[in-house]
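Everything below concerns the one structure shown next.
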Number of protein chains: 2
Amino acid sequence: MDMQFDLAQSARRESPAANSCPASARVSACAQCQVRSHAICADLDGAELDALNRTGRRVSLRAGQTVMWEGDDSTIVANVIEGTLKLSTSTGDGREQIVGVVYPSDFIGRPFGARTPHSVTALTDARLCLFPRGAFDGFAREHPQLEHRLLQRTLDDLDRTRAWMLLLGRKTAREKVASFLIDMTRRLDPDGEGVQIDLPLSRQQMADILGLTIETVSRQMTEMKRLGIIELAGRRGVCILDEDRLEAMAEAA
Amino acid sequence: MDMQFDLAQSARRESPAANSCPASARVSACAQCQVRSHAICADLDGAELDALNRTGRRVSLRAGQTVMWEGDDSTIVANVIEGTLKLSTSTGDGREQIVGVVYPSDFIGRPFGARTPHSVTALTDARLCLFPRGAFDGFAREHPQLEHRLLQRTLDDLDRTRAWMLLLGRKTAREKVASFLIDMTRRLDPDGEGVQIDLPLSRQQMADILGLTIETVSRQMTEMKRLGIIELAGRRGVCILDEDRLEAMAEAA
DNA sequence: CCATCGCATTGACCTTTGTCAAAGGCGCGG
DNA sequence: CCGCGCCTTTGACAAAGGTCAATGCGATGG
């Protein structure tokens, strides 16, 4: 965690401009963008894309780097092009809660607001399409299509977040871990059963998502392995052996 | 809780049209609306307001009535004119988590989505300005001003909801109750210290917000009273005697 | 004004999860 | 390929909060 913080600070010092492309390359950046059809810019036309693009730049992040800090002025927003990042808040005495995990094509940052409500940190190496918040806000206000997609995305986020509150407030450790594994499997391996997935999170990060301690997460995983519901492979690998029983476990202890 | 459910069902049967005004009265309804300047319709002009209004109607609710159910098709959205309502989800076996509490000028329902992600139930008698979702969606798409306000509101909701996740996942019972009291006091009595406020919630509902049991909430309140931090008056009355100590308590046990 | 009903409080006890500590093993760098 | 560091697992114990049960009390209606 100390290391993570150091990395984060160095990321900040390097400045986000580090990996931006030369102006000539920018124009076509969107054309070859892997997430364009899913990101909020999906239904902008060529000229609009070009205009938005002129205010933005591509940025690469190493795992552990923090893009923005809880409580900071909200100065940047971004689309995630590649990688996985966590959104987190903490109490004064350092207890952390991960309030969201974002994937390629997701949008991060706080448009139309003065403060960043939570920190954003890369869990894996990642690439972002970054915009100054002010410029983005202005552009968005002039392009209802963009605002509409942002609204849809925000409404979806809110639904997911509220569903997660049920997990945090009312589920047991067992149910929490099972729910988490199902959620992750759905995200990372749409085909389901039998296939091994690689969690983009450490045990500590799983604990920070589920509102548990690392020991409790570990014990629950071990117990599920013992029951033949999952198989563990190394630190990050998990294989769902019995999806049905796992799902039952996610709903009632 | 059974009673609440019965009331809710009867509300549904009575149909939401019960308290709508005659067409002649509708036109002027917005002019005298108490929440207009704070609701999402704030910056619509007269003609727009009129158009939107033609699709909507005013509805009165009794405490305990449920306006929409988790999982139902999303058919209505509404502005809260008066009263307090809860948003809630539950597990298959009946454990409930309140995922939001809404006040006058807040917006409820799920626009641009097929499903209602959580139930909405009146905690006090309440009045809504109700719209069919389809009509509202259509109107919103044609009025970027409205969508923009809805976006702002949704972004704020998301920030608040994520902040609440920290409470659910990482705070102790003591901290949860203290945080809740501070939050409520801020909402209901902007002047602060020394004044008695009336909670719009029962102990069970407080427990459902905080992810605790009714007994734990009760014990924490009693303990705070014993410490001279709050005073309790009847079932719903609370008086903050020492706001500073309460705030300290909300951050670290 | 009093009886009653339902919410709230209190108490005793138990389960779950957290804490602290030690050992194991994965994976990186030498 | 080996050793070391860090993450993870495991264990023993403590504590917070949940459960079950009984009592208290505020508000409603007769």
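Order of the sequence lines fixes the chain letters, A, B, ..., with proteins taken first and strands second; residue numbering starts at 1 for each chain.
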Measure from CZ on B:Arg219 to C1' on D:dA16 and round the result to the nearest Å.
11 Å
For the pair made of CD in B:Glu223 and C1' in C:dT9, what is the distance, rounded to whole Å?
14 Å
With a 4.5 Å limit on heavy-atom distance, are the side chains of A:Met184 and A:Pro200 in contact?
yes
Is a side-chain donor or acceptor of A:Gln220 paired with a backbone partner of A:Val217 at a separation under 3.5 angstrom?
no
Just checking, is any N or O donor in the side chain of A:Thr91 or A:Asp93 under 3.5 Å from an acceptor N or O on the other one?
yes
Closest nucleotide among C:dT9, D:dG17, D:dT8 to the B:Gln220 side chain:
D:dG17
pair B:Ser179-B:Lys171: side-chain heavy atoms closer than 4.5 Å:
yes
C:dT9, C:dT17, D:dT9: which one has an atom nearest the side-chain heavy atoms of A:Thr222?
D:dT9
Whole angstrom value for the distance that separates C1' of D:dC7 from CD of A:Gln205
12 Å
Please compare A:Lys171 and A:Gly234 by the position of their nearest nucleotide in DNA chain C and report the one closer to 5'.
A:Lys171
Side-chain N or O of B:Thr216 less than 4.0 angstrom from OP1 or OP2 on D:dG17?
no
Look at A:Arg235 together with A:Asp198 and state whether they make a salt bridge at an N to O cut-off of under 4.0 Å.
no
Please give, in whole Å, the distance from C:dG18 C1' to A:Lys176 NZ?
12 Å
Sugar-phosphate, base or nothing in reach of B:Gly237, heavy atoms under 4.0 Å:
nothing
When the distance from CD of B:Glu215 to P of D:dT23 is rounded to whole Å, what number comes out?
16 Å
Whole Å only: how far is the CG atom of A:Leu210 from the C1' atom of C:dT17?
13 Å
In whole angstrom, what separates B:Leu168's CG from D:dG17's C1'?
15 Å
Give the rounded distance in Å between these two atoms: CZ of B:Arg174 and P of C:dG18.
19 Å
Please compare B:Arg235 and A:Arg235 by the position of their nearest nucleotide in DNA chain D and report the one closer to 5'.
A:Arg235
